[in-house]
2 protein chains.
Amino acid sequence: MDYAVAMTDPAPSARLEDVARLAGVSIVTASRALRQPEKVAVPTRERIAAAAASLGYVPNLVAGALASARSGVIAVLLPTITSSIFASTIDGLTQKLEAEGYAILMAQSGYDATREQHVLTALLGRRPEGVVLIGSPMSEPSRTMLAAASRGGMVVIETWELPADPIDVAVGFDNGGVGTAAAAHLLGQGRRELGFLGGNDSRARTRWQAFRRAAEQAGAVAVAGEFAAPATMDDVVEAHRAGTLPPGLLAADGIFASNDVHAVGMLSVLRQAGRRVPDDVALIGLGDLAIGRHVVPALTTIAIDGYEIGRLAACAFLARRRGEAVGHSDVGFTILRRESG
Amino acid sequence: MDYAVAMTDPAPSARLEDVARLAGVSIVTASRALRQPEKVAVPTRERIAAAAASLGYVPNLVAGALASARSGVIAVLLPTITSSIFASTIDGLTQKLEAEGYAILMAQSGYDATREQHVLTALLGRRPEGVVLIGSPMSEPSRTMLAAASRGGMVVIETWELPADPIDVAVGFDNGGVGTAAAAHLLGQGRRELGFLGGNDSRARTRWQAFRRAAEQAGAVAVAGEFAAPATMDDVVEAHRAGTLPPGLLAADGIFASNDVHAVGMLSVLRQAGRRVPDDVALIGLGDLAIGRHVVPALTTIAIDGYEIGRLAACAFLARRRGEAVGHSDVGFTILRRESG
DNA sequence: GCTTGTTATGAAAGCGCTTCCATTTGCAGT
DNA sequence: ACTGCAAATGGAAGCGCTTTCATAACAAGC
């Protein structure tokens with residue numbers, strides 16, 4: 001009977017009050033001993049520590065967050081977790097913030113504006129101290145919510161992009177510059193029929209526009225193959241099989257895939273189509289993913305330091321918390337010439 | 001002056017009380033209107049909705065969590081986010097749980113037992129309703145904490161593994177079976193000198209032991225190349241360059257890399273070493289990552305449905321919440337024979 | 001010896017919600 | 001007309017902490 005009760009009715013975990021009682025002190029003192037030990041006399045402190053340990057006390061951070069109005073949480077909103085291109089950014093972010101005692105709340109928008117809005121509401125309800133976005137909000141309502149939250153003291157960080165009118169702080173690079181550089185690289189090899197392959201998110205669009213402009217100014221042709229993001233390697237192959245890739249793309253002699261994942265998929269397509277890389281067509285990717293170094297031919301790519309973006313975002317957040325003013329950071333990019341073009 | 005104050009002193013966001021006052025109802029009614037609208041008269045409900053909208057009210061879920069003792073949070077503890085092999089599991093988990101209003105708290109252990117413990121304490125302090133682990137806890141203290149939390153009503157889910165003594169529920173597959181199957185596959189092709197490449201986590205060790213046993217029973221030789229996890233594609237190449245790969249591995253005629261990422265790295269190494277795949281040596285990976293389909297030769301692999309693991313974990317969690325008993329789930333595995341062996 | 005300061009501790013008041021238990025109202029049933 | 005019951009609403013308590021302010025004890029300074 002008692003046993004059955006124990007199974008159904010979970011034992012409540014120890015509270016600060018239990019620790020305090022066991023140590024023979026008040027709740028406040030127990031709280032202090034755990035958060036600012038230097039303010040508590042050594043013997044008292046040790047008694048409290050012993051009591052906490054013996055009870056297996058785990059502080060209820062939810063209650064703490066409510067009382068102190070500091071949640072200790074950072075929200076990360078990313079298009080999709082499956083796209084490994086953002087993983088290093090999250091990694092850079094966590095390394096720094098975890099050490100400071102922050103927890104990461106993660107959500108995916110799935111490149112969908114409506115879903116982004118839902119997910120964002122859920123995140124903001126948790127009262128994070130900061131929100132890190134990959135890119136900018138996709139819809140006006142989202143932007144409005146974020147702006148309001150920012151006014152309310154939350155730190156809003158847009159990454160992988162340097163918007164003309166950022167909500168708060170931004171850490172990224174010049175996506176237009178990337179498009180121009182890719183075109184210049186290809187044109188510099190004498191390629192004249194340029195193709196572009198990318199998602200339909202705003203960053204990819206910015207790259208495409210700059211890419212096309214650069215091509216046209218040089219009197220070269222430029223065609224775009226756009227995807228409903230997220231597009232995997234297989235999606236590119238699938239699109240080819242289904243005949244939905246723009247024909248100009250397969251005829252191009254220079255292709256910029258604005259994500260290494262797309263580039264590797266395109267490599268497979270070109271191989272199937274019997275086009276030699278880089279002899280018949282040059283291929284350049286974006287992101288410098290590990291995979292690009294292991295395919296044959298090794299992928300020329302525009303390297304973006306995703307880890308650094310995350311690290312800088314964390315620094316910016318921390319600086320803001322300390323009340324410092326924070327501007328934008330541009331992590332830049334580098335063309336890594338390898339075998340594919 | 002006022003301006004300066006406005007900049008420093010953030011405007012507090014609207015509370016339920018503000019909404020209630022504006023709508024001319026009590027706090028309780030406002031709360032109900034938002035959470036169980038059917039219990040509130042239509043006109044009242046609409047007035048409250050209008051008030052909430054006009055104030056840009058975002059419910060404080062932290063306060064809600066404290067009051068209701070339901071945090072609406074699921075914690076995910078994974079070795080590293082950079083290893084894309086787990087991304088699909090998180091994806092499967094989120095798709096289901098996000099729809100139910102749960103948020104995902106994410107943390108990395110970095111394959112380090114001490115760090116795991118720290119991170120776990122931070123997670124449990126947030127009083128998640130469930131914890132999803134990739135694998136099992138790495139240390140006894142971690143296991144103890146989880147067991148206590150489980151007794152306290154939290155749902156603990158171990159994944160990618162089917163431990164003999166699970167803490168609570170487990171969703172995974174038979175890692176030993178995978179090792180045996182890989183060996184059988186290689187032996188079936190007449191390969192006699194088998195090599196194994198994997199991390200030093202418990203799952204990889206289980207695979208290695210079964211792999212070796214199967215090899216030895218068939219009278220074949222088996223050597224292991226172990227890595228301090230996490231190992232990237234580049235780490236494998238680097239190990240080769242540094243000469244720290246066991247020599248037997250390069251001489252093997254059949255290699256099982258217990259992660260596609262390692263397998264692709266090994267493919268590069270074998271290419272550099274002038275060994276032809278699959279003629280001189282067969283190579284088989286694990287995980288069926290997209291990349292395996294795009295390298296040349298295409299990678300034979302043991303496919304694990306990571307997404308399904310995540311989905312089943314979410315289902316198990318939900319079932320537990322409803323008070324149902326939940327056993328273990330085995331998602332199994334399939335050998336996908338492609339070109340590499 | 002009295003103020004002044006410093007150190008160590010505690011009491012009380014919330015944080016913004018939800019839960020539990022009234023209370024009020026309207027209307028069917030007899 | 002009176003009870004009984006459901007539907008709609010509100011009052012009060014409290015979730016487990018932190019914060020602010022008060023108190024106690026004791027050393028130092030004139």
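A note on names: the letters A, B, ... follow the listed sequences, proteins ahead of strands, and every chain is numbered from 1. Any value given below was found using the heavy atoms of this structure, including those in side chains, with hydrogens, waters and symmetry copies removed.
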- request: Let me know, please, whether B:Gly24 or B:Ala63 comes out on the 5' side of the other along DNA chain D by nearest nucleotide.
  value: B:Gly24
statement: Ranking C:dT9, D:dT9, D:dC15 by distance to the side chain of B:Thr44, first place goes to D:dT9
- prompt: Which nucleotide, C:dA11, D:dC15, D:dT9, lies nearest any side-chain atom of B:Leu66?
  reply: D:dC15
- request: Check the distance between C:dG10's P and A:Lys39's NZ and give it to me in whole angstrom.
  value: 15 Å
field: Any B:Pro37 side-chain heavy atom under 4.5 Å of B:Arg32 side chain
entry: no
- prompt: Between A:Ser139 and A:Ser142, does any side-chain donor sit less than 3.5 Å from a side-chain acceptor?
  reply: yes
Between the protein and nucleotides 19-25 of chain C, which nitrogen or oxygen pairs come in under 3.5 angstrom?
residue: C:dT19; atom: OP1; partner: B:Arg70; partner atom: NH2; Å: 2.9

query: For A:Thr29 and C:dT9, is the shortest distance between a side-chain N/O and OP1 or OP2 below 4.0 Å?
result: no
query: Across the strands shown, which category fits A:Val25 at heavy-atom distances under 4.0 angstrom: base, sugar-phosphate, nothing?
result: sugar-phosphate
task: Answer with base, sugar-phosphate or nothing: what part of the nucleic acid does B:Ala69 contact at a heavy-atom distance below 4.0 Å?
output: nothing
For B:Gln95, all residues meeting side chain to side chain donor-acceptor pair (under 3.5 Å), sequence neighbours excluded: B:Asp91
B:Glu324: partners by side chain to side chain donor-acceptor pair (under 3.5 Å), with sequence neighbours left out: B:Arg322
- prompt: Contact class for B:Val40 vs. all strands (heavy atom < 4.0 Å): base, sugar-phosphate, or nothing?
  reply: sugar-phosphate
message: Tell me which pairs pass side chain to side chain donor-acceptor pair (under 3.5 Å) where either residue lies in residues 35-48 of chain B, with sequence neighbours left out.
response: B:Ser31-B:Arg35
query: What's the CZ-P distance between A:Arg15 and D:dG16, to the nearest Å?
result: 6 Å
- prompt: Does B:Glu17 reach the main-chain N or O of B:Ile27 with its side chain, forming a donor-acceptor pair under 3.5 Å?
  reply: no
task: Starting from P on C:dC17, measure out to CZ on A:Arg127 and report it in whole angstrom.
output: 7 Å
task: Please work out which residues in residues 48-61 of chain B have a non-hydrogen atom less than 4.0 Å from an atom of DNA chain C and list them by number.
output: B:Tyr57, B:Asn60
- request: Name all residues meeting the side chain to side chain donor-acceptor pair (under 3.5 Å) criterion together with B:Thr159; count only those two or more places apart in sequence or in a different chain, and write none if there are none.
  value: none
- prompt: Quick one: A:Arg21 CZ to D:dG16 C1', roughly how many Å, whole number?
  reply: 13 Å
field: Ionic contact status for A:Arg70 with A:Glu129, cut-off 4.0 Å
entry: no
